[in-house]
Amino acid sequence: MFKLNHAIAMGLIVLGAAAGQSVLAQDKSIVLASTTSTQDSGLFGHILPLFKAKTGIEVRVISQGTGQALDTGRRGDADVVFVHAKSQEEKFVADGFGVKRSPVMYNDFVLIGPKGDPAKVNGTKDIAAALVKIKNAGAAFISRGDKSGTHSAELNLWKVAGVDIAADKGPWYRDIGQGMGAALNAASASNAYVLADRGTWLSFKNRGELLISVEGDKRLFNQYGVMLVNPAKHAHVKRELGQAFIEWLVSPEGQKAISDYKINGEQLFFPNATVPGA
Amino acid sequence: MFSSAFWMLITGDPALYRIISLSLYVSLTATLIAALAGLPLGALLALKEFPGRNAVIVIVNALMGMPPVVVGLAVFLLLSRSGPLGSFGILFTPRAMIIAQAILITPIIAALARQTIADLWVQYRDELAAMNVGTAGSVATLLWDGRFSLLTALLAGFGRASAEVGAVIIVGGNIDGFTRTMTTAIALETSKGDLPLAIGLGAVLLLIVIAINALAWFVRRTGERLAGAT
Amino acid sequence: MRAPDSDLPLQFDRIEYRAGNRSILDIGSLTISNGAPTAVIGPNGAGKTTLLRLGMGLLEPGAGRITWGRRQHAAPVRRAFLFQRPVMLMRSAAGNIDYALASVKTPRGERKRKIAELLALVGLSGFEDRPARRLSGGEQQRLALARSLARDPEILLLDEPTASLDPAAAKSVEDVLRAVANRGVKIVLSTHDLGTARRLAGDVILLHRGRIVEHSASETFFKQPKTEEARRFQAGDLLI
C-alpha cells in the first residue's frame, strides 16, 4: 500500500515538476514563515499587496507559532522567517539557519480578562502583580502552550512575577496547545484570562464577555525580527527575492506601510528598524 | 452578518471563488488520481488469489479510517526540503495537497471498489469463464458494468477529500490566494473568532457536496435504468 | 490461415471429481462426438451439472484426463455453455449478444446483423434495446441461448435449459435447439424432463450417484433399457 502510494506520489511529482518547469522559471514568489499575529491581525493583508505592486514578488505566508515558524525555516521549507521571540531568533542565526536578524517593529501584548474580573485586576498597569493575583485567586487562565512567541512571552512574564508556573499551576491554568485565535475562543467560552497580542485581539470578533484587563506595562512590548533562511544550508532558498523583501520591510517605505495599518483608527504595529538593539 | 459568505457568493467575491475553485480542483484531481490507483487495486483484490491477500484487504479497509493529519504529516515529512523528496520543492503548493488527498482516499476507493467488484464477480465469474474472457477483459467488464456503484465509491472519496482539513493545512500551509481551501479557510476564520463567516463557508461547502451528490444520484439512477441493473 | 482446432470429440477418460472427501463424479470413459443431441439425465445430485462443467473446462478433474479434439486444457474457443440460471450482463439484450460476439472477435461491422439474426432465432426480435435484467425468466433463458450461440460453438453444453420454463416457453427453446442441432452444432444437455430427452436426444446418459449407469441410443434407452435403474427411473420410481 505504502509502496503503491509512494510510487504514485513519485509519478505525480515527476509529472508535476515537468509541467511546472516553465511556470517556475518566471514564478516570482517567496515563502514566508510567520506568526499567527501578523497574519490574523490583517497586517499582511495590508502591506503585502503594496510590496507586490512595487516589486512583482508574491509573498506566500505560512502562519504558525513562532517556534514552528522557526522550525519551518530550519527545515528549509521557507525563504524568510518573520517572528517575535528575540532570543530564539538569535539562536536561529547563531546556529547558522538564518543569515542575519533585522529588527522590524514591535507591538504589545495585552492581558485579556472577563468582565466579572474574579482576580480583581482590571484596569491595573502592573502585569507582574496582576499575574500573581490571578494565581492566588485561582482564576481561570488560558495558556497557548504551543511554543509560540506569545507563549514564550507569557512564560517569561510568570518568571518576572516570581511564579514558578511549572510547579504552581493548578486546574485553573489551562494549557490548550493552540493558536492565538483558538486561545481567545477558549477564553471567551470559559470566561478566563489570556495573554494576547493587541493586533489579534483587535481583529478578534467572538469576544463575548472579554475585555482588556491590563495594558501599557513596558514588559508587555513584543519585538518582531526578520531573517533570510541561510542559502548555505539550503541552496534552493530564493536569496535575492527574500533579501528584497527584508530590505523593503526595514526601508522607510516599508516602515511607513506598517505604521499606516490601523484597526478602528488604532495603530497595531510600531516600526523600529532603525532603533539600535531592538 | 450571519450570511456574509452567501453574500460574497452572490456578489461574486473573487477571493471566495478562488477558494472554492481551488478546493474543487484539488479534491477532484486527487479523486481522479486515487481512482486510477484504487480501482485497479480494488479489482486486483477482488479477482486475484495471492499470498497475503486477506492481510492486504484488512489493511486497505483499516486505512479507510486513516486520520488526515497522519497522512498530512507523512506527506509533509516526505516533501519537506529536509525530506527525501524535498528537492522537488512542492511543499506548500496545491500539488502537495493533491498528493496528500490522493493518498488519503485511495484506500477508500480501493476498498469500496473491491466490495462492488467482488459482488459482481460472484455473478459474472462463470459466464465470463465460459466466454473465454481473460483477467484483463474481466476487469474491464466488471469496471464497466459496475460503473454506477463505482461512481458511489468515487463520490465517497471525493466527499472525504473535500471535507478534510488536517492534511491540506499541513502540506498546503493555508497560504492566502494560493493554497487556501474552503476547509482551511473555515479553520482560519474560526481561529480568528469570525464564527459567522466560518459557518457561512461551512454551509457553502455543504451545498456543494449536496449538489455533487444529487448530480451523481441522478446519473446513477438514469444509468441503472438504462443498464437494467437491479 | 489455419482453421481453428476442433473441440470435438470431447473425451472423458477415467474421470474422478471430489468435493472434500465426497465423490461427486466417478466415470470410466465417455466420448461425445458430432451427431444428434446427447441428453444427460438422472435424479438430483447425480452429478449432471458437474459432468457438464467438466466438459466445458470450468472444473478441473481430480483424476483422469479430459480432451477436446485430443487436446488437453484447450481454451473454450469452440464451445459454449448455457447455465441453469444464466446471468445477464448489466447491458441491453443486444449488448449481451454483442459482448459474446466481441469475445470471439467478430468484426464490428458484422455484429449488428448477427445480433438481429440471433434475436430472431430465439424469438426476441425487437428486444434489442431492452435492459437484459428487466426481461422475464423465459426471455432471459432465450437471450442467454442466443448469447451462447453468438460464439459460434461446435459443441453447446446446456444445464437444465428448460427446467424453470412453462411448457410453451420450454417448447420454443426445444425448437431452437433442434434447429441448431440440424445446423451441425453438437448439443449436450442435462434435464430431468424425460419428455425433453425423448423429443430431442439421439443418445441418453443416465447418471446415478456420480456414475454412468447406462449410455445408449435414445430408442434403445426408452424402449429396451438395459439396466434396472433406467427402467425404474423411467417408471417414475425414486432412485436412491
Side-chain angles (χ1 to χ4, degrees), chain A residues 1-2 4-17 19-20 24 29 31-33 36 39-42 44-45 48 58-64 71-78 178-185 188 200-201 203-208 210 229 233-237, chain B residues 1 29-30 33-34 36-38 40-41 56 59-60 62-63 66 71 74-96 98-100 102-104 106-107 110 169 172-179 187-198:
Chain A
M1 197 56 223
F2 180 76
L4 182 70
N5 284 331
H6 201 102
I8 294 163
M10 286 292 284
L12 256 175
I13 290 163
V14 172
L15 272 178
L24 284 174
S29 70
V31 174
L32 172 67
T36 48
Q39 173 86 338
D40 293 0
S41 65
F44 283 150
L48 295 183
E58 184 183 334
V59 180
R60 292 174 179 164
V61 182
I62 317 287
S63 72
Q64 303 169 316
D71 256 351
T72 302
R74 235 171 249 129
R75 302 183 65 92
D77 292 325
Q178 295 186 68
M180 194 68 257
L184 283 167
N185 274 332
S188 171
T200 306
W201 166 251
S203 44
F204 184 73
K205 298 206 169 101
N206 181 34
R207 292 183 182 179
L210 299 180
V229 175
K233 285 252 186 202
H234 296 288
H236 59 270
V237 166
Chain B
M1 277 302 276
T29 311
I33 291 163
L36 291 178
L41 177 65
V56 174
I59 289 169
V60 169
L63 289 181
M66 195 160 42
V71 176
V75 174
F76 174 84
L77 292 174
L78 276 178
L79 297 184
S80 167
R81 289 287 185 179
S82 305
L85 305 178
S87 54
F88 291 103
I90 59 171
L91 188 66
F92 301 141
T93 67
R95 240 175 261 156
I98 290 169
I99 291 169
I103 291 172
L104 182 71
T106 294
I169 207 163
N174 193 22
I175 298 170
D176 190 13
F178 186 56
T179 58
L188 178 68
E189 295 308 330
T190 304
S191 79
K192 283 159 73 174
D194 196 345
L195 302 186
L197 187 57

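Lettering of chains follows the sequences in order, A, B, ..., and the numbering in each one begins at 1. Hydrogens, waters and symmetry mates are skipped; everything else that's a heavy atom, side chains included, is used.
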*Can you tell which part of A:Gln39 gets under 4.5 Å to a heavy atom of chain B, answering side chain, backbone, both or neither?*
side chain

*A:Thr200 OG1 to B:Lys192 NZ distance, which is reported to the nearest 0.5 Å*: 9.5 Å

*What is the distance from atom CG of B:Leu91 to atom CZ of A:Arg75, rounded to the nearest 0.5 Å?*
8.5 Å

[X] and [Y]: which non-hydrogen atoms are nearest, and at how many Å?
X	Y	answer
A:Asp77	B:Ser80	OD2-OG, 2.6 Å
B:Ser191	A:Asp40	OG-OD2, 4.0 Å
B:Phe92	A:Val31	CD1-CG1, 4.2 Å

*Sequence neighbours left out, what passes side chain to side chain donor-acceptor pair (under 3.5 Å) with B:Thr179? Give chain and number order.*
none

_Shorter than 4.5 Å, heavy atoms on both sides: which option in B:Ile175, B:Thr190, B:Asn174, B:Leu188 has the most such pairs with chain A?_
B:Ile175

*N-O pairing of B:Asp194 and A:Lys205 below 4.0 Å*: yes

*Answer with side chain, backbone, both or neither: which region of B:Leu36 has an atom nearer than 4.5 Å to a non-hydrogen atom of chain A?*
neither

*Which residue pairs pass the side chain to side chain donor-acceptor pair (under 3.5 Å) test when at least one of the two sits in residues 81-91 of chain B, sequence neighbours left out?*
A:His236-B:Arg81

*Heavy-atom pairs under 4.5 Å with chain B are the metric here; pick the option from A:Leu48, A:Thr72, A:Asn185 that has the most.*
A:Asn185

